[in-house]
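Read the structure below first, then the notes.
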Amino acid sequence: VISWTTMVRAYSDHGQIDEAIQLFQHMPERNVVSWNAMILTFAQHGCLKEALQLFETMPARDVASWNIILAAYAEQGHLKAARLLFSLMPQRDVISWTSMITAYCKEGCLEVALELFQDMPNKDVIVWTTMIVGYALWGCLQEALYFFQQMPQRDLTSWNAVITAYAQHGHGRAALKMFRQMQLEGISPDEISFCSMLSACSHDGLKNEGCHFFTLMSSNHSLTPSLEHYSCLIDLLGRGGQVDDAEALLNNIPFDPD
RNA sequence: CAUUGGUCGACGCC
């Protein structure tokens, strides 16, 4: 049953929803995980009705089943329905709370998100990061930073979230500071961190720093610059008047540029 | 190591 369920997800991940359905219908036995996988498949392809129908007809539901259907409604902007599911579910775990909070954040209902956050038991690093991102999304950098400072521990994703928040709002210098601080606290940047740093430099016209980061990522962190990194740097160089260098870099991309 | 929650670019157009 595990293999069959894996196959259902594999087809789903490759956009082969019909094959996923066929497989699900023909698998010799199903357990709650298989049902959940199928519900998720429908949800990810925008088939909310089918997802809900499966959810209602499945023989037994666990908290993951509820979470999947809740997130499906939440992500499509059906906040009321999501909230109803949230209140109806027999028990809620951190995932249920976080999905609900994420939904309110994305819709700009920060007060409601905050209320839920305050009521939430057992807050983990993920929901703290969700709050950072949610507030930053609506330009509330101050509050976002407050969550960042208050959270009991920070991981790479939380650091990336604040760095990105600064980068996206044109605070290149602040992003740079965070980037350094992150490493002082023993966390190594990944491709996403560098992406944000390059974009921060790009927005602030920090040409030298941008080149520096681009070099640094392969030389000191064994990371391979992707198309995104190249695009940022090319843009930065081009806008900085170094059109020839930008073009040279473009011609040096070791894979097919878009 | 079967299913559910948090972070990522640029440009152009509207």
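For the numbers below, each heavy atom of this structure counts, side chains included, while hydrogens, waters and symmetry mates do not. In what follows, every chain begins at residue 1, and chains take the letters A, B, ... in the order their sequences are listed.
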Does any N or O in the side chain of A:R30 come within less than 3.5 Å of the main-chain N or O of A:W35, such that one atom is a donor and the other an acceptor?
-> no
With respect to the side chain of A:A161, which nucleotide from B:rU7, B:rU3, B:rG5 is positioned closest?
-> B:rU7
Length of the line joining A:I39:CD1 and B:rA2:P, which is rounded to integer Å | 19 Å
Convert the base pairs of RNA chain B into dot-bracket notation, remembering that pairs crossing earlier ones are written with [ ] and that bases paired across to another strand are shown as |; include only Watson-Crick or G-U pairs under 3.5 Å.
-> ..............
More than 12 foreign heavy atoms under 6.0 Å from CD of A:Q53: is that the case here?
-> no
Given B:rA10, B:rU7, B:rG6, which nucleotide is nearest the side-chain atoms of A:T102?
-> B:rG6
Donor-acceptor pair, side chain of A:D235 and main chain of A:S231, under 3.5 angstrom = no
Does a nitrogen or oxygen in the side chain of A:Q168 sit under 4.0 Å from OP1 or OP2 of B:rU7?
-> no
Check the side chains of A:R9 and A:T6 for a donor-acceptor pair under 3.5 angstrom, ignoring hydrogens and angles.
-> no
Of the nucleotides B:rU4, B:rA2, B:rA10, which has the atom closest to the A:A64 side chain?
-> B:rU4
What about A:N31, does its side chain sit under 3.5 Å from the base of B:rA2 through a donor-acceptor pair?
-> yes
What about A:T130: does its side chain form a donor-acceptor pair under 3.5 Å with the base of B:rG6?
-> no
Please answer whether the main-chain N or O of A:A37 pairs with a side-chain N or O of A:T41 as donor and acceptor at a distance below 3.5 Å.
-> yes
Could you tell me whether A:V94 contacts a base, only the sugar-phosphate backbone, or nothing, with contacts defined as non-hydrogen atoms closer than 4.0 Å?
-> base
Check every atom of B:rG6, B:rA2, B:rC8 against the side chain of A:S196 and return the nucleotide holding the closest atom.
-> B:rC8
Please state the P separation for the pair B:rC1 and B:rG5 - nearest whole angstrom.
-> 15 Å
Base, sugar-phosphate, or nothing: which does A:V8 touch, judged by heavy atoms less than 4.0 Å apart?
-> nothing
Tell me which nucleotide among B:rU3, B:rU7, B:rG5 gets nearest to the side chain of A:L40.
-> B:rU3
Return the value, rounded to whole Å, for the distance between atom CD1 of A:I234 and atom C1' of B:rG12.
-> 16 Å
Counting distance only, does the side-chain N/O of A:R83 pair as donor-acceptor with the main-chain N or O of A:A74 below 3.5 Å?
-> no
Check: B:rG5 base within 3.5 Å donor-acceptor of A:D124 side chain | yes
Could you check which of B:rU4, B:rC8, B:rG6 has an atom nearest any side-chain atom of A:D155?
-> B:rG6
Take the protein atom CD1 of A:I101 and the nucleotide atom C1' of B:rU4, then report the distance between them rounded to whole Å.
-> 16 Å
Length of the CZ-C1' vector between A:F148 and B:rU7, whole Å = 12 Å
A:H203 side chain: which of B:rA10, B:rG5, B:rU4 is closest?
-> B:rA10
B:rU4, B:rA2, B:rU7: which one has an atom nearest the side-chain heavy atoms of A:T6?
-> B:rA2
Please answer whether the main-chain N or O of A:L206 pairs with a side-chain N or O of A:D204 as donor and acceptor at a distance below 3.5 Å.
-> no
Is a side-chain donor-acceptor pair under 3.5 Å present for A:D190 with A:N160?
-> yes
Where the side chain of A:T98 is defined as all heavy atoms beyond and including C-beta, which of B:rU4, B:rG5, B:rG9 is the nearest nucleotide?
-> B:rG5
Would you say a side-chain N or O of A:T129 is under 4.0 Å from OP1 or OP2 of B:rU7?
-> no
Sort and list the pairs that fulfil side-chain hydrogen bond (donor to acceptor under 3.5 Å, both in side chains) and have at least one residue in residues 132-143 of chain A, not counting sequence neighbours.
-> none
Would you indicate, yes or no, if B:rU7 has its OP1 or OP2 atom less than 4.0 angstrom from a side-chain nitrogen or oxygen of A:R154?
-> no
How many Å lie between OH on A:Y73 and P on B:rG5, as a whole number?
-> 18 Å
Taking only the side-chain heavy atoms of A:I192 (C-beta and beyond), determine which of B:rG5, B:rU3, B:rU7 contains the nearest atom.
-> B:rU7
